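Naming: A, B, ... by sequence-line order, numbering from 1 per chain. Computed from a predicted structure; not experimentally measured. Because only heavy atoms are used, hydrogens play no part in the values below, and waters and symmetry mates are left out as well, while side chains stay in.
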There are 2 protein chains.
Amino acid sequence: METATKSGKAITSILPARHPVTVWLVEDNHIFRHTMARVLGGVEGVECSQHFSNAEDALDALLGGAVPDVVLLDVELPGKSGIEAVSQIKAISPATRVVMLTVFDDHEKIFRSICAGASGYLLKTSPVERIVESVHEALAGGAPMTPRVAKSVLDMFARLSRPKHDYGVTRQEQKVLELMAQGLIKKEIADRLALSYHTVDTHLRNIYAKLHVNTRAGAVAKAFQERLF
Amino acid sequence: METATKSGKAITSILPARHPVTVWLVEDNHIFRHTMARVLGGVEGVECSQHFSNAEDALDALLGGAVPDVVLLDVELPGKSGIEAVSQIKAISPATRVVMLTVFDDHEKIFRSICAGASGYLLKTSPVERIVESVHEALAGGAPMTPRVAKSVLDMFARLSRPKHDYGVTRQEQKVLELMAQGLIKKEIADRLALSYHTVDTHLRNIYAKLHVNTRAGAVAKAFQERLF
DNA sequence: CTAGGCATCCCGTGTTTGCGTGATACCCAA
DNA sequence: TTGGGTATCACGCAAACACGGGATGCCTAG
């Protein structure tokens with residue numbers, strides 16, 4: 001992805017924009033679906049070629065060989081959920097950008113959608129123009145999100161980096177821990193750190209005491225769980 | 001994209017907006033700093049009360065008791081880096097929103113900033129209006145990001161969800177792996193699973209072969225890295 | 001100046017491991 | 001029916017381990 005350093009315009013310019021952007025809409029609510037479809041169809045350069053009331057139909061169409069540029073996908077769908085659908089859509093057509101549409105912005109759904117490969121996450125309460133804009137944004141390599149969703153994503157991230165329960169593990173002990181996690185035996189660790197076997201042994205004992213374990217495996221497990229390195 | 005700028009009223013209405021929003025600017029480039037400060041000062045409802053050329057001075061001011069609503073913080077700073085600064089700012093004043101400003105949008109910096117507690121991440125090449133807007137967006141609980149940064153964040157997330165490299169580890173072997181990660185020795189694992197010591201030993205050998213390791217510590221490390229349970 | 005944390009080093013002992021080399025039994029697909 | 005994958009069990013031994021004792025030097029905070 002070295003095109004990354006360039007601007008959005010550079011990215012779109014490498015795509016064949018001869019044809020209008022093809023957008024699919026998967027949404028079980030008839031009114032919303034037809035409204036959105038009409039709006040999208042009316043936008044210059046955008047073609048809402050197909051719309052579906054469930055994920056299964058959309059996937060069938062995809063397997064039939066059709067390849068949309070962007071899919072606007074409802075999260076709450078009868079039958080196969082939108083979240084299941086994302087990963088399958090991406091599996092079939094990796095280049096297709098999927099933007100989730102939903103009424104709820106709960107953390108769990110956002111998280112799972114993103115892990116499944118969604119490129120964006122908007123609320124249905126977003127202004128229609130925002131949704132239209134998101135099509136272009138997704139295609140340009142961006143990630144259309146509502147501010148609240150963006151915040152959720154950031155929060156989830158921040159939560160991944162723990163309060164860092166130090167356990168009072170020192171620098172040297174950390175190194176030992178790291179090499180231990182690579183499967184090295186005491187002797188090898190000693191060589192790597194230019195230490196005596198006995199020193200490594202002592203560090204190991206101290207680590208065990210601090211982490212409340214008494215085996216190498218336990219120490220490594222704890223180190224991973226507490227992200228000690 | 002004018003949502004946040006114009007809807008600023010709606011957002012501030014839920015906050016006690018008696019005083020204008022106080023913004024601090026931490027940026028070593030004099031020209032950029034003074035320009036931004038002037039622009040911010042000219043915005044209705046915003047007060048750029050202080051600006052600093054390094055993180056240390058800003059932290060001193062913060063420790064002195066001043067509490068800004070938003071800090072616009074350069075990532076590349078002489079002395080203490082912006083990333084180090086974020087976590088310290090958040091530690092001193094958790095309510096303060098920190099928006100990172102940078103010329104580079106590399107993954108590593110974004111990731112670390114966010115983990116440190118940043119609420120947003122903009123490029124200095126962003127239009128000035130976007131930066132001003134970000135102040136309100138951050139304060140309203142949003143997460144101002146450039147589309148590309150947003151994409152980076154999503155990509156990092158997606159990467160967290162395993163490619164699921166099975167390694168062909170069987171159910172039984174997984175159980176052994178799990179108990180091993182708890183620091184149990186073979187005999188204990190055997191008891192837990194109601195197996196013979198020798199059976200556990202065999203499972204262990206097979207695990208080692210499949211994961212290409214030859215110590216318990218290595219196996220546990222690999223299991224964690226590959227999210228085998 | 002003295003206590004405490006850290007890092008370094010050493011010995012000995014009993015326990016646990018890793019691995020070579022077996023075996024039996026089940027199931028399922030070729 | 002022959003084979004491959006999984007699960008089970010077994011013996012023996014050298015190597016690695018955990019942990020009981022020590023020890024010295026360095027630096028920092030009380």
Check your understanding: Given C/dT8, is OP1 or OP2 found less than 4.0 Å from the side-chain N or O atoms of A/Gln172?
Key -> yes
Point to revise | Under the side-chain contact (heavy atoms from CB on, under 4.5 Å) test, residues paired with B/Asp191 that sit two or more places apart | key: B/Lys187
Point to revise | Nearest-Å distance for atom pair CG/C1', residues A/Leu193 and C/dC9 | key: 15 Å
Review point. What residues, two or more places apart in sequence or in another chain, satisfy side chain to side chain donor-acceptor pair (under 3.5 Å) together with A/Ser196?
Key: none
Practice item. Treat primed atoms plus P, OP1 and OP2 as sugar-phosphate and everything else as base, then score nucleotides 23-29 of chain C 5' to 3': B for base contact with protein heavy atoms under 4.0 Å, S for sugar-phosphate contact only, - for none. Key: -------
Check your understanding: Pick from B/Val99, B/Val43, B/Leu72: which one makes a side chain to side chain contact (heavy atoms under 4.5 Å, CB included) with B/Val23?
Key -> B/Leu72
Check your understanding: Between B/Asp74 and B/Lys124, is the closest basic N to carboxylate O distance under 4.0 Å?
Key -> yes
Practice item. Summarise protein proximity over nucleotides 11-21 of chain C in one line of letters, 5' to 3': B for base, S for sugar-phosphate only, - for none, counting protein heavy atoms closer than 4.0 Å. Key: B----SBBBBB
Check your understanding: Base, sugar-phosphate alone, or nothing: which one does A/Thr199 contact when heavy atoms must sit under 4.0 Å apart?
Key -> base
Check your understanding: Can you tell me how far the CG atom of A/Asp57 sits from the NZ atom of A/Lys80, to the nearest 0.5 Å?
Key -> 11.5 Å
**Study point:** Pair A/Arg192 + A/Glu178, salt bridge at N-O below 4.0 Å
**Key:** no
**Study point:** Mutual orientation of the aromatic rings belonging to A/Phe224 and B/Phe224 [parallel < 30°, tilted 30-60°, perpendicular > 60°]
**Key:** parallel
Check your understanding: Between B/Glu76 and B/Thr102, does a side-chain hydrogen bond (donor to acceptor under 3.5 Å, both in side chains) hold up when you go through it step by step?
Key -> CA-CA 7 Å; B/Glu76 298 85 12; B/Thr102 178; 2.9 Å; yes
**Study point:** Selection residues 64-120 of chain B - residue pairs positive for ring pair (Phe, Tyr, Trp, His ring centres under 6.0 Å), sequence neighbours left out
**Key:** A/Phe157-B/Phe111
Point to revise | Nucleotides bounding contact with chain B, strand DNA chain D, heavy-atom threshold 4.0 Å | key: D/dT6 to D/dC11
**Study point:** Distance in Å, B/Leu77 CG paired with B/Asn29 CG, rounded so as to fall on 0.5 Å steps
**Key:** 11.0 Å
